[in-house]
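Read the structure below first, then the notes.
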Amino acid sequence: MDYHKLAELLFPHITETPADMEAKYPPRKLPEGAKVTRFAPSPTGFVHFGGLFPSTVAERLAHQSGGVFYLRIEDTDAKREVEGAAQGLIKTLATYGIRFDEGAVLDENGDITDKGAYGPYKQSMRGPIYQTYAKQLVMEGKAYPCFSTEEELDELQQINKKEAIKNTDWQAEAEARRAETLARRSITLEEAEEHIKAGHPFVLRILANGDPEKKTKFTDLVRGALEIPENDEDFVLLKSDGIPTYHFAHAVDDHLLGTSHVIGGEEWLPSLAKHIQLFSYLGFRLPKYMHISQIMRLDENGNKKKLSKRDMGANMDDYTGMGYSPEAVCEYVMTLLNSNYEEWHSKNADKPYTDFPFNIKKMSVSGCLFDFNKLGDVSKNIISRMSADEVYAKLTAWAEKFDPDFAAQLTADPAYTKKILAIGRGGKKPRKDLTTWLDAKPYMGFFYDPYYTMVDGYPANFEKEDIIATLEKFLETYASGDAMNEWFDKIKAIAESLGYASDMKAYKANPSAFRGNVADISSFIRVAVTGKQNAPDLYTVMQILGEERTRVRIAAQIADLK
RNA sequence: GGCCCGGUGGUCAAGCGGCUAAGACACCGCCCUUUCACGGCGGUAACACGGGUUCGAUUCCCGUCCGGGUCACCA
């Protein structure tokens, strides 16, 4: 077989050589130890939690080492591409603090454009580059054309499709594949010429020379020593539209763009054999690989499953709607990614997570379950550490988007809202009332008249009359100028006058001697003023609400109860 | 089914041949407290199983079992 002739036949339009490409994409000049990483999503939808994971690692590793982190759009599958997905991806990533030094970026019109010297960063625009290397492989007898149509292939592979897999005769299937491969490889130059003349499309396949019985030793940066069987599958390099498959694009691009560390989910592990072979065929140095464990969820049978598109928490765009701030999500990701993050964080509470020395060695090799409890805890702590001003800014920004009505209330009187948000905040041990922004309305809504309603109702074991009597007495003595002690002394006095214990110890010693205790009295007033049994410190609540509104609410309650 | 990767409490996890097997979240109890929360104290709960190697295995090796991934002109 005259491989040169075949190569010319297949790629007549390619006149450049790999050497020309190397000249266009010279090695990067970076300091020793600087890592070059990338995030390479295919624009088929939203950013998935399982995608934020590796991209966070990639971003940290690059920026922590003074390297380069770039975004490459893997739009090699036109069929699956979703309009506007790439733009969405970039925006979402940005909200999670994933910033790229280079690659596909948004211009002022929101369109995708290139930034950096190694572009284009959209693979669909790099066709000739891949074809240059493809031509080279053909010339070296390492790749060959396959003119089978997709339909023929489908038929042949039907037994290999997922559903059929379980019930197949594996022996026979394997033999069929082998025979098929042999038949494909036996194509002659003359046959190829005829096909080309007839205008038949073709895919380019690698001529695999591996023996799966033989294993290659391989070191994965997170998983350690691995044994990879050699590849014997003639997988597709170029699709019939001349665009590469992931495997080929990965080899060419990561070589040309100087990627030092390839970071991906462990679902990529099985295709490593292909990549090792391809890099070797191409004469490229293999980058370092890290395969990150996947995020799982529990299915209805209690089994772990990879967190997929439909699952709660999968779409990164959902978190803001659920009231989680990006910081919380990022920090949660860090706790999953590096087991010693939490320890570091407790010692460096005031520092951003980007100051944390991210360590590959501390990454887990076993997959983990997504845990909303933990995310909630992280989120709660973050919010508790914020100043009232900060909470105000973030909460109102959130509400403007997701609850405009609430936002209008919050911003009508900023000083008032900030007073509310300042409750229990700022000390060494701040209150942790808000897990997400979604909690804000139920927690503090009663401060705003439109949201003031009876959510809880009064304690069940008291009569209406008890409550009315308490409220009436309270109105008689209440004065908003009272200091906290005076205010509470008055409540105690009411308790006593009505036959309730003002002293909790006395009450506990002999409960039957009293109608109730001062806590009950407080709770009547609390419910009347806030509509809820759980609220921040009542005295403070009244101070913020002001005497007039406090009185109006209590009076209304009395009228209501009567 | 082949191949690959995993397996410490409910969850995330320290551990790297010798420990009463950390910690965090969740859960439970007590204390503090005019409610709730916060906080403090305490508690329940784990090395999948069977063989080796070793004076000694959670730790090293093998097997079993279990879980996950993957087997496209998708990435």
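Letters go in sequence order (proteins before strands), and every chain restarts at 1.
- The P atoms of B:rC49 and B:rG7 are separated by 14 Å, rounded to the nearest whole Å.
- Looking at A:Y70 and A:T259, their side chains do bring a donor and an acceptor atom within 3.5 Å of each other.
- Summarising the geometry, the separation between NZ on A:K274 and P on B:rC4 is reported as 14 Å, rounded to the nearest angstrom.
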Quick tally for nucleotides 23-31 of chain B: nucleotides whose base has a protein heavy atom under 4.0 Å get B, sugar-phosphate-only ones S, the rest -, giving -BSS-----
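- Just one residue in the list A:L71, A:I73, A:L257 forms a side chain to side chain contact (heavy atoms under 4.5 Å, CB included) with A:Y121, and that residue is A:L257.
- Heavy atoms of A:V236 sit under 4.0 angstrom from primed sugar atoms or phosphate atoms, though from no base atom.
- The closest side-chain heavy-atom distance from A:Y539 to A:M542 is not below 4.5 Å.
- Base pairing of B:rU59 is not made with any nucleotide, judged by Watson-Crick or G-U wobble geometry with both donor-acceptor distances under 3.5 Å.
- Taking 4.0 angstrom as the limit, A:K239 places a side-chain polar atom (N or O) nearer than this to OP1 or OP2 of B:rA75.
- In this structure, of B:rA75, B:rU35, B:rG39, it is B:rG39 that holds the atom nearest to the side chain of A:K432.
- The CG-P distance, from A:L307 to B:rC12, rounds to 13 Å in whole Å.
- Proximity note for A:K429 (side chain, C-beta onward) versus B:rU34, B:rG39, B:rG68: the nearest is B:rG39.
- Taking atom CD of A:E343 as the reference point, atom P of B:rG15 lies 10 Å away to the nearest angstrom.
- Heavy atoms of A:L369 sit under 4.0 angstrom from primed sugar atoms or phosphate atoms, though from no base atom.
- Mapping A:R223 and A:Q294 onto RNA chain B via the closest heavy atom, the residue that lands nearer the 5' end is A:R223.
- Using a cut-off of 4.0 Å between Lys/Arg side-chain N and Asp/Glu carboxylate O, A:K505 and A:D503 are scored as not salt-bridged.
- Rounded to the nearest Å, the gap between the C1' atom of B:rC32 and that of B:rC38 is 11 Å.
- Within the 4.0 angstrom heavy-atom criterion, only backbone atoms of the sugar-phosphate kind lie near A:S364; the bases stay farther away.
- Under the 30°/60° scheme for interplanar angles, the aromatic rings of A:F514 and A:Y507 are found to be tilted.
- A parallel orientation is assigned to the rings of A:H275 and A:Y289, their planes being inclined by less than 30° (bins at 30° and 60°).
- For the P atoms, the distance from B:rG50 to B:rC66 is 16 Å, rounded to whole Å.
- The CZ-C1' distance, from A:F248 to B:rC73, rounds to 14 Å in whole Å.
- Between A:R177 and B:rG2, a side-chain N or O to OP1/OP2 separation shorter than 4.0 Å is absent.
- In this model, no side-chain donor or acceptor of A:T245 finds a partner on the base of B:rC73 within 3.5 Å.
- At whole-Å resolution of the value, CG in A:D439 and P in B:rA37 are 14 Å apart.
- B:rG2 is paired with B:rU70 under the Watson-Crick or G-U wobble criterion, all donor-acceptor distances under 3.5 Å.
- Each of A:L269 and A:P430 was assigned the nucleotide of RNA chain B with the nearest heavy atom; the assignment lying further toward the 5' end belongs to A:L269.
- Side-chain atoms of A:P270 lie closest to B:rU70 of the nucleotides B:rU70, B:rG6, B:rU35.
- Counting non-hydrogen atoms under 4.0 angstrom, A:T76 reaches the backbone sugars and phosphates but no base.
- Checking A:Q123 against A:D75 by side-chain atom types alone, no donor-acceptor pair falls below 3.5 Å.
- Stacking of the aromatic ring of A:F488 onto the base of B:rU34 is found: the ring centres lie under 5.5 Å apart and the planes are inclined by under 30°.
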Contact string for nucleotides 60-67 of chain B, one letter per nucleotide 5' to 3', B = base within protein heavy-atom range under 4.0 Å, S = sugar-phosphate only, - = neither, reads -------S
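- Each of B:rC3, B:rA72, B:rU35 was ranked by its minimum atom distance to the side chain of A:D537; first place goes to B:rU35.
- Nearest nucleotide to the side chain of A:L226, out of B:rA14, B:rA75, B:rC5: B:rC5.
- Of the nucleotides present, B:rC31 is the one that pairs with B:rG39 by Watson-Crick or G-U wobble criteria, both distances under 3.5 Å.
- Using cut-offs of 30° and 60° on the angle between ring planes, the pair A:H200 and A:H195 is tilted.
- Look at OH on A:Y443: it is 16 Å from P on B:rU35, rounded to the nearest Å.
- Here B:rG68 is the nucleotide among B:rU34, B:rA13, B:rG68 with the atom lying nearest to any side-chain atom of A:E266.
- Under the 3.5 Å distance criterion, with hydrogens and angles disregarded, a donor-acceptor pair is assigned to the side chains of A:D433 and A:Y443.
- Contact check, A:S523 against B:rU35: no side-chain N or O comes under 4.0 Å of OP1 or OP2.
- Ring geometry for A:F53 versus A:F49: interplanar angle of 30 to 60°, hence tilted.
- When the side-chain nitrogen and oxygen atoms of A:K215 are compared with OP1 and OP2 of B:rC4, one or more of them lie within a distance under 4.0 Å.
- One P atom belongs to B:rU53, the other to B:rU58, and the distance between them is 16 Å to the nearest Å.
- Note on ring orientation: taking the six-membered ring where Trp is involved, the planes of A:Y341 and A:W344 are tilted (angle from 30° to 60°).
- Nearest to the side chain of A:K306, among B:rG69, B:rU34, B:rG15, sits B:rG69.
- A:R431 contributes a side-chain N or O that forms a donor-acceptor pair with the base of B:rC36 under 3.5 Å.
- Between the CD1 atom of A:I292 and the P atom of B:rG6 there is a distance of 15 Å, given to the nearest Å.
- Here the P atom of nucleotide B:rC71 and the CG atom of A:D232 are 15 Å apart, to the nearest Å.
- Only one option out of A:R185, A:R177, A:R205 pairs with A:D234 in a side-chain hydrogen bond (donor to acceptor under 3.5 Å, both in side chains); it is A:R185.
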